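What follows is a single structure, written as structure tokens, with notes after it.
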Amino acid sequence: MVKYFLGQSVLRSSWDQVFAAFWQRYPNPYSKHVLTEDIVHREVTPDQKLLSRRLLTKTNRMPRWAERLFPANVAHSVYILEDSIVDPQNQIMTTFTWNINHARLMMVEERCVYYVNSDNSGWTEIRREAWVSSSLFGVSRAVQEFGLARFKSNVTKTMKGFEYILAKLQGEAPSKTLVETAKEAKEKAKETALAATEKAKDLANKAATKQQQQQQQFV
């Protein structure tokens with residue numbers, strides 16, 4: 001048995017503005033449950049669609065009755081993958097998200113489609129679907145009910161956060177092109193990888209020096 005959610009929301013901002021705000025949503029006053037976000041992959045396809053994958057870390061507070069079922073050392077953070085496809089020509093952005101840990105306890109899968117509102121071209125419509133499931137024998141129904149209620153609460157926070165970021169972005173310079181956005185993300189990923197490599201070399205050198213000093217003490 002899976003709990004299903006379907007909702008429609010409207011942001012009173014253009015699709016271009018919503019697209020720009022989407023990548024700058026965190027942090028905001030309504031997203032304290034979002035701890036980290038990292039771009040895992042990004043590319044622009046030959047037909048000028050932007051494909052991205054992000055890894056997000058969020059808090060995963062369990063209800064009190066569920067905490068008694070799990071050891072105290074169980075991680076209280078949930079890792080979430082977010083895939084997105086942006087089609088600027090047709091002004092459609094589709095996102096897919098799902099958790100990659102605690103999946104036996106509860107799996108939450110979400111699909112959102114952002115598109116131009118049919119009644120007002122200056123507004124953006126969001127069609128949001130979610131599927132909540134649990135594999136825990138005996139308590140799966142209770143877990144799904146809890147998951148669905150928390151998901152609805154988080155949707156409210158998400159929309160408020162979106163509106164907050166959109167308000168901040170009003171009047172700022174136009175957003176970068178997809179190619180520029182992908183290029184910047186690629187350069188940032190290279191810088192991060194280079195920094196990690198240098199740090200690893202530094203740690204290795206320190207370890208080697210310490211080992212040599214220890215060997216000399218026994219000579």
Side-chain angles (χ1 to χ4, degrees), residues 3 5-40 42 50 52-64 66-67 74-84 86 91 93-102 105-117 120 122-132 145-176 181 184-185 188-189 192:
K3 291 292 182 180
F5 172 87
L6 173 63
Q8 296 282 143
S9 305
V10 174
L11 289 169
R12 298 187 178 186
S13 299
S14 69
W15 186 88
D16 288 335
Q17 291 171 328
V18 171
F19 163 70
F22 180 81
W23 306 108
Q24 302 177 57
R25 288 182 297 167
Y26 310 121
N28 69 70
Y30 305 97
S31 66
K32 294 180 180 179
H33 63 294
V34 180
L35 305 178
T36 64
E37 60 169 333
D38 297 282
I39 297 173
V40 179
R42 176 168 282 173
L50 176 66
S52 302
R53 168 167 285 188
R54 294 197 296 176
L55 175 66
L56 300 101
T57 308
K58 300 183 180 183
T59 57
N60 186 41
R61 185 176 179 84
M62 298 181 187
R64 290 182 178 179
E67 289 180 348
V74 170
H76 286 269
S77 296
V78 59
Y79 300 106
I80 297 173
L81 280 180
E82 173 196 85
D83 285 351
S84 60
V86 181
Q91 294 189 308
M93 177 169 64
T94 305
T95 64
F96 307 89
T97 61
W98 67 98
N99 57 294
I100 56 177
N101 66 332
H102 302 312
L105 169 62
M106 180 169 60
M107 171 69 77
V108 180
E109 301 166 279
E110 180 189 45
R111 179 177 185 268
C112 294
V113 183
Y114 301 74
Y115 54 95
V116 178
N117 181 271
N120 188 327
W123 292 0
T124 303
E125 189 97 10
I126 306 174
R127 175 186 169 88
R128 189 185 310 271
E129 294 180 278
W131 297 263
V132 182
E145 291 287 355
F146 168 78
L148 184 60
R150 185 170 63 180
F151 177 83
K152 291 178 179 178
S153 175
N154 286 342
V155 168
T156 301
K157 294 177 183 177
T158 297
M159 295 304 296
K160 288 183 177 179
F162 237 133
E163 292 168 354
Y164 174 86
I165 297 299
L166 283 164
K168 285 187 62 177
L169 293 177
Q170 296 302 321
E172 291 189 2
S175 59
K176 298 180 178 65
T181 301
E184 286 187 2
K188 184 177 180 181
T192 302

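For clarity, every value in this text was computed on a predicted model and none was experimentally measured. Side chains are part of it too, since the values below use all heavy atoms of this structure and drop only hydrogens, waters and symmetry mates.
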Check the pair Ile126 / Met159 against side chain to side chain contact (heavy atoms under 4.5 Å, CB included), numbers first and verdict last. CA-CA 10 Å; Ile126 306 174; Met159 295 304 296; 4.1 Å; yes
Decide yes or no on side chain to side chain contact (heavy atoms under 4.5 Å, CB included) for Leu50 and Met93, but give the supporting numbers first. CA-CA 9 Å; Leu50 176 66; Met93 177 169 64; over 6 Å; no
List the steps and the verdict of side chain to side chain contact (heavy atoms under 4.5 Å, CB included) for Leu81 and Leu55. CA-CA 5 Å; Leu81 280 180; Leu55 175 66; 4.1 Å; yes
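Legend: residues meeting salt bridge (charged side-chain N to carboxylate O under 4.0 Å, His left out) with Lys58, ordered by chain and number and at least two apart, are absent. With sequence neighbours excluded, the residues forming a side chain to side chain donor-acceptor pair (under 3.5 Å) with Arg25 are Glu82, listed by chain and number. Partners of Arg53 under the salt bridge (charged side-chain N to carboxylate O under 4.0 Å, His left out) rule, at least two apart in sequence or in another chain, are Asp83. Contacts of Phe162 classified as ring pair (Phe, Tyr, Trp, His ring centres under 6.0 Å), with partners at least two apart in sequence or in another chain: none. Applying the salt bridge (charged side-chain N to carboxylate O under 4.0 Å, His left out) rule to Glu109 yields no partners; only residues at least two apart in sequence or on another chain are considered. For Thr94, the side chain to side chain donor-acceptor pair (under 3.5 Å) test picks out no residue, with sequence neighbours left out. With sequence neighbours excluded, the residues satisfying ring pair (Phe, Tyr, Trp, His ring centres under 6.0 Å) with Phe5 are Phe151. By the salt bridge (charged side-chain N to carboxylate O under 4.0 Å, His left out) test, Glu110 is found to be paired with Arg128, residues two or more places apart in sequence or in another chain being considered. With sequence neighbours excluded, the residues forming a side chain to side chain contact (heavy atoms under 4.5 Å, CB included) with Glu163 are Leu11, listed by chain and number. The ring pair (Phe, Tyr, Trp, His ring centres under 6.0 Å) check on Phe22 picks up Tyr114, with sequence neighbours excluded. By the side chain to side chain donor-acceptor pair (under 3.5 Å) test, Ser153 pairs with no residue at all, sequence neighbours left out.
Counting heavy atoms from C-beta on, the side chains of Tyr164 and Ser31 never come closer than 4.5 Å. Two residues are said to be in side-chain contact when any heavy atoms from C-beta on lie closer than 4.5 Å; Arg111 and Trp131 meet this criterion. Here the side chains of Leu169 and Gln17 are not in contact, with every heavy-atom distance at 4.5 Å or above. Taking the side chain as every heavy atom from C-beta outward, Arg127 and Leu6 approach each other to under 4.5 Å. Looking at Ile100 and Ile80, their side chains never come closer than 4.5 Å, going by heavy atoms from C-beta outward.
Smallest separation of non-hydrogen atoms from Ser77 and Thr57: CB-CG2, 4.0 Å. Across all their heavy atoms, Val10 and Glu125 have their closest contact at CG2-OE1, 3.5 Å. Minimum interatomic distance between Val116 and Asn120 (heavy atoms only, all atoms of both residues): CG1-O, 4.4 Å.
In this structure, Asn28 contributes its side chain and Ile165 its backbone to no donor-acceptor pair below 3.5 Å. Panel note: side chain Thr124, backbone Ser13; a donor-acceptor pair is recorded below 3.5 Å. Although no hydrogens or angles enter the test, the distance criterion places no donor-acceptor pair under 3.5 Å between the side chain of Trp123 and the main chain of Asn117.
The CG atom of Leu35 lies 9.0 Å from the OH atom of Tyr79; values are rounded to the nearest 0.5 Å.
Applying the salt bridge (charged side-chain N to carboxylate O under 4.0 Å, His left out) test to every pair with at least one member in residues 151-161, sequence neighbours left out, gives no pairs at all.
Classified by interplanar angle (parallel below 30°, tilted 30° to 60°, perpendicular above 60°), the ring pair Phe19/Trp23 is perpendicular.
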